[in-house]
Amino acid sequence: MRKFTKESGLVMPLDRSNVDTDFIIPKQFLKSIKRSGFGVNLFDEHRYMDKGEPGRDNSQRPLNTDFVLNQPRYKGASVLLARENFGCGSSREHAPWALDDYGFRIILAPSYADIFFNNCFKNGILPIVLDKEIIDRLFAKVEAQEGFSLTADLEAQQIELSDGERIPFNVDAFRKDCLINGLDDIGLTLQDADKIKAFEQNWRNTSPWYFGVQG
Amino acid sequence: MTGKTLYDKLWDSHLVTQREDGTALIYIDRQLIHEVTSPQAFEGLRLAGRRPWRADANFATPDHNIPTTREERRQGLEGIRDPISRIQVTTLDENCREFGIFELDMNDERQGIVHVVGPEQGATLPGMTIVCGDSHTSTHGALGALAHGIGTSEVEHVMATQCLMQTKMKNMLIRVDGRLNPGVTAKDIVLAIIGEIGTAGGTGYTIEFGGEAIRSLSIEGRMTVCNMAIEAGARAGLIAVDQTTLDYIKGRPFAPKGEMWEKACTAWREMVSDDTAQFDRVVVIDAAEIIPQVTWGTSPEMVAPITGEIPDPEQQSSPSRRDNMRQALKYMGLTPGMKITDIKLDCIFIGSCTNSRIEDLRAAAAVVKGHKVASTIEMALVVPGSGLVKKQAEAEGLDKIFIEAGLEWREPGCSMCLAMNADQLGAGKHCASTSNRNFEGRQGFGGRTHLVSPAMAAAAAINGHFVDVRDMLLTLDR
Ligand code: SF4
């Protein structure tokens, strides 16, 4: 997995709570059997005026110029500032794949849906939880200052603003370690293969009915 | 001494190892697989040169992309008109063959929505841990199993290691006390719960549903409730094992038999929360107060009783909630103060892993029997959850009741629940749907979804607008 240590970038605000996974990447794009190429369809139903289909040339589609992603001042943003319960809905990992493919590396929100939150870490994206008051303040700053950027330092667990302000954040120690070192989850788990085998043998003895095949 | 909750028991019995920071490896007994969230996982295995840890723990069936008209199904894979969808389905077939995984392919009589088929085949058993790359995996908790929706990286992880990396959730109990009134169903219970605690209310928790009203539900009804635990923010929903559970499982193809069955039942009877167990949060709801529910917005928490009206965003004190409601009403084309019964419908969808089991179809058929679908309804689909549900319904003559009333009787699949196949809701159209999500565009670009129970959807089909199904049942009784 790609490492995440310290990253900086332009902030794009998405001022809407309960942004669901259909909003992030509509289902017609889930037909792909690949992991990449979803960035052009990130927020598809809001970003374009017409209905997107896989395989279409997106450069020819009419843009919704009101949608924040299409505003020139947010071009190249890699930090997404969001509201409560971001990423709710389906388990589709296509949502973090689309965010990542577009170029978002950091998300800031007061809360996330569990599965989405988890999926971000598996893809080298850092979802940061901040108090609602801080998020409100950041929304005001982005609004007021064109080109508003910030840095997220995962090692130090803090966000750095250009005016020198430092905002600390919490992150699960294990997930932090995986991100900083770019660890592959499967490889990590297989280090415990002996423990898994021992568990399995015991489980097979005590609960054999879970090991039966169709009868 | 404090006892254990059902969730604690399931967690403890599957704990392989735990790190100091609380991250644990949980052994997974069953992985269910469908075509949409698995191709990248199989590809990952292949690239790393890995094989499944235990191929026989996996169970696959395609559902999301499957066409539902008889004509298309007769043509097999060729009947999937969209080439991209077809590739996804054939990729599942090929992957299952290559990795030795049991699959009910699209032409198998037992194929259907993975969350309907798993329990139906006995691939879902009490006391199990179950995962699937699909958020509605919570459904299987109805049988006293710990069932999580996971992302594709985790699908690959479980295939390769038979374990899921997890931190333990908190325990929530939602107790629905007392009895439901006639015409009120499992779907109304769960919509009322989401209306009460909100779509993020269960975030970070595993929810156990209990109380007399839950205990009185059939397994089908319990699955409807657990199915939507994720809509309340909880990855897993649970219901304790009782005689109803054991009766449901007995004799199913993957269930243990003979002496093994008896032993398993002894173990499964323990799959209940101890009397002295402590929950981090308890929510109590009075079943008698639940009225048939209808969602009016673009989130399942935007729900009202059939006797109610569309709320006014301007009355909201929270600015973010006010904005959300305004956006939702604009999208739905509805105005504050309007009666729920005045919402006119263009489409009816009876199906999805929430409400496509035999009992759901019986409830809908009982309402439409002897009536005709209103002339203003453009499309009314009944999509059974599996081939076996379809067969059972046909044996009972339900298909004829639907067809005579003017509804279309389709082949099993996810269909218009998320419209990945050809069954799509048109822009601006209102649909009474028995599915679980009313997000913008969920059933088709620009489509407007109202979540309801099967009986309520059937009543709406006949009237062309929402009606209180309890009134119809009164006339039916007479
Ligand atoms: S029926 Fe709907 S919610 Fe259920 S698995 Fe299919 S698409 Fe998902």
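A quick note: this is a predicted structure, and the numbers were derived from the prediction, not measured. Every chain is numbered from 1 and lettered A, B, ... according to where its sequence line falls, protein lines coming before strand lines. Just so it is clear, the values below take in all heavy atoms, side chains as well, and ignore hydrogens, waters and symmetry mates.
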Non-hydrogen atoms of chain A under 4.5 Å away: do they reach the side chain of [X], the backbone, both or neither?
X        : value
B:Glu301 : side chain
B:Ser13  : both
B:Pro126 : backbone
B:Ala419 : both
B:Trp53  : side chain
B:Gln162 : side chain
B:Arg50  : side chain
B:Asn436 : neither
B:Gln327 : side chain
B:Ser85  : both
B:Met165 : side chain
B:Ile230 : side chain
B:Asn324 : side chain
B:His136 : neither

With a 4.5 angstrom heavy-atom cut-off, could you sort out which part of [X] is near chain B: side chain, backbone, both or neither?
X        : value
A:Asp185 : both
A:Ala95  : neither
A:Asp50  : backbone
A:Pro54  : both
A:Phe117 : neither

(request) Give me the ring orientation class for B:Phe254 and B:Phe102: parallel if the planes are under 30° apart, tilted from 30 to 60°, perpendicular past 60°. (result) perpendicular
(request) Classify the angle between the aromatic ring planes of A:Phe86 and A:Phe116 as parallel (below 30°), tilted (30 to 60°) or perpendicular (above 60°). (result) perpendicular
Among [options], which has the most heavy-atom pairs under 4.5 Å with chain A?
options                      : answer
B:Val89, B:Asp323, B:Leu25   : B:Leu25
B:Ala267, B:Gly127, B:Gly122 : B:Gly127
B:Arg442, B:Arg54, B:His148  : B:Arg54

Minimum side-chain heavy-atom gap [X]-[Y] below 4.5 Å:
X       : Y        : answer
A:Asp44 : A:Ile25  : no
A:Trp97 : A:Tyr102 : no
A:Asn18 : B:Phe439 : no

Is the positively charged end of [X] above the ring of [Y], judged by distance under 6.0 angstrom from the centroid and angle within 45° of the axis?
X        : Y        : value
A:Arg47  : A:Phe67  : no
A:Lys141 : A:Phe148 : no
A:Arg83  : A:Phe139 : yes

Check whether the side chains of [X] and [Y] place a donor and an acceptor atom closer than 3.5 Å, and report yes or no.
X        : Y        : result
B:Glu154 : A:Asn118 : yes
B:Asp29  : A:Trp203 : yes
B:Arg437 : A:Thr21  : no
B:Arg86  : B:Asn65  : no

(message) Counting only heavy atoms not in A:Asn205 (residues, nucleotides, ligands), do more than 12 fall under 6.0 Å from its CG?
(response) yes
